Structure formats: structure tokens, C-alpha cells
Amino acid sequence: MEIQPFFDEQTSTLTYVVHDGRFAVVIDPVRNYDPKSARTSWRSAEEVAAHLDREGLSVPYVIDTHAHADHMTGLPFFKARYGARSVTGSRVGEIQRVFRDIFDLGDAFPVDGRPFDVLIDEGMRLRFGSLEVEALHTPGHTPAHMSWKIGDAVFLGDTLFMPDYGTARCDFPGGSASTLYDSIQRLYAMPEATRLFVCHDYRPGGRPVEHQTSVGEQKRKNVQIDAHTTREQYVAFREKKDAELEAPALILPSIQVNIRAGELPEPAANGTAYLKIPLDKLGGCGR
Ligand SMILES: [Fe+2]
């Protein structure tokens with residue numbers, strides 16, 4: 001099994017290609033978005049594609065760990081170019097429902113997981129070539145959040161980050177610090193050598209990008225939750241910290257695209273697609 005990381009500088013997102021030499025999955029790809037001009041591009045996805053093409057890989061599945069609030073997902077690129085089927089957690093409908101209402105997207109907007117191609121739940125498996133992805137429901141950051149286990153590697157999404165940065169925020173709709181604590185305990189119960197791959201790296205102190213850690217290292221060194229941190233300690237810390245955080249810079253453009261499995265809204269009669277900006281609806285304004 002080969003694992004290749006890609007780092008998107010703008011959003012500090014890590015995308016992974018995992019393959020067996022013939023078949024690959026792509027996890028958490030990015031569609032680039034410039035908030036100043038509202039231009040989208042496939043710069044990051046093209047970088048991933050160059051690798052896939054160099055290795056001659058087929059891509060049966062492209063996977064999101066969750067509905068990201070900090071970048072637009074690149075799922076449609078891999079559907080269009082490789083015929084990949086898009087995959088996410090089956091509870092994504094809960095996220096669609098919350099944001100359908102916030103963005104006033106109308107009763108026809110699906111809240112059942114469409115238009116994702118494959119909705120997957122705890123314990124389900126997807127085969128690709130000689131490898132298998134096992135879905136782990138790891139809620140807390142969002143209720144639908146999944147981590148993905150392939151062999152001895154777990155692709156964490158927004159649960160744990162590198163040990164010197166800590167853990168994901170839990171203040172989005174349906175988020176819960178206590179629930180994330182449980183999800184992390186589940187990860188911590190895995191063998192210490194289990195390899196863990198983070199979805200973001202914010203490079204604390206300006207250090208170089210890192211993407212890989214292990215269960216043992218996290219239990220010893222995670223600055224927000226080590227093997228000895230109690231639920232009470234973690235929840236108190238996380239909730240205090242979240243109350244101080246601003247909303248992610250790209251939450252408004254990202255989330256309304258990501259609940260459409262990364263498709264842009266239908267263009268208006270003039271051929272232009274528009275996003276909405278709901279006023280005074282979101283928290284996280286540095287209250
Ligand atoms: Fe996230």
C-alpha cells in the first residue's frame with residue numbers, strides 16, 4: 001500500500017492518494033477558491049491528478065471525511081476525470097438539512113445525502129483493487145464525520161491533528177466536544193503503532209508541514225488530549241477555546257458547495273452561478 005500526501009497551502013489541507021499500484025482512492029481533495037475574486041480552480045486537484053496519471057492509477061472512489069467548512073471539496077474533479085464515485089458518511093443529510101435552512105435553499109434541496117454517490121456508515125467497507133477501506137464513524141467536529149481505515153493507516157479527517165496542534169473544533173452545528181472525546185478514545189484504543197494521517201496541518205511555530213503520526217505518539221504528546229486527559233478536562237478546554245475562535249474564512253462559500261457534493265449551484269438565467277451570504281446567522285465571530 002502506497003500513501004501519497006498533497007498539501008494545499010491556502011487552506012492547510014492534506015489530500016491523500018492511497019493505492020495498491022493499480023487502484024487508488026483520493027481522500028479529502030480540494031477545489032481552490034479565491035475569496036477576493038470568487039474564482040474557483042482545480043490547481044490542487046491537478047497536482048493530485050498528475051500523480052495518479054504518472055502511476056497509471058484507476059480511481060474507483062473519491063472520499064470526503066466530512067462536509068468541510070474551510071475549503072471547497074474537489075470531489076467533482078475526480079468524478080469527471082476518472083469516473084470515481086463520491087463517498088461520504090451517511091449522516092451528511094443532517095448537515096444538508098441545517099445548511100439548507102441557513103442558506104434558504106428551498107424544500108427541493110436534498111437532505112438525504114444526494115448527490116453523493118455512495119453513503120457509508122460505521123463498519124461498512126469499500127474494496128478497491130487489493131485494498132479495503134473501512135468506515136469509522138468519528139463524530140464530534142460534525143455529526144456525520146467519518147474516519148477511514150485502510151490496513152494499518154487511519155485517515156483522521158478533523159478529529160486529531162498533529163500532537164503539537166491538538167484537535168478539531170466542535171462548535172459547528174451538531175458538533176460536540178464530549179462526542180469528539182469519545183471518538184478520540186476509540187482511536188486511542190487502537191494499537192499504538194497504528195499510523196494516523198491528519199486532514200490539516202497548521203504548522204504551529206512555523207515548523208515544516210507534517211502529516212503522519214501514530215496512536216502511541218498522540219497518546220503521549222497531544223497538547224489538548226493525551227492518554228490521561230479526562231472527559232471533563234477536555235470538554236472544558238475545548239468549549240472555552242471554541243468560544244474564542246472566529247468562523248473559518250471560507251465557511252460561507254465552502255459549506256454551500258460541499259453539501260452539494262462539491263457541485264456549484266445551478267447557474268442563473270444569465271449563465272453565472274451565485275453563492276449566498278446569510279447575514280447575522282453564524283456564530284464564531286470572536287464574541
Ligand atoms: Fe472540518
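In this text the structure is predicted, and so the values were computed from the model without any measurement. Counting convention: from 1, in listed order, for ligands and their atoms alike.
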Item to complete: Answer yes or no for H66: is there an N/O/S atom below the 2.8 Å cut-off from the Fe ion (ligand 1)?
Response: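 Yes, within the cut-off.
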
Item to complete: Kindly give the atom name of the N, O or S atom of H141 closest to the Fe ion (ligand 1).
Response: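 That would be atom NE2.
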
Worksheet item: Taking the N/O/S atoms of D158 one by one, which is nearest to the Fe ion (ligand 1)?
Response: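 Going through the N, O and S atoms of D158 one by one, OD2 ends up nearest to the Fe ion (ligand 1).
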
Worksheet entry | Donor-acceptor side-chain pairing of H71 and D28 below 3.5 angstrom |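 There is no such pair between these side chains.
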
Fill in: Donor-acceptor side-chain pairing of T11 and T13 below 3.5 angstrom
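A pair is found: one side chain offers a donor N or O, the other an acceptor, under 3.5 Å apart.
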
Worksheet item: Mind checking whether F155 and V18 have side chains closer than 4.5 Å, heavy atoms only?
Response: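 Counting from C-beta outward, F155 and V18 do come under 4.5 Å.
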
Discussion item. Just so I know, are the side chains of T88 and H66 near enough to count as touching, which here means a heavy-atom distance under 4.5 Å?
Written reply: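 No, side chains not in contact.
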
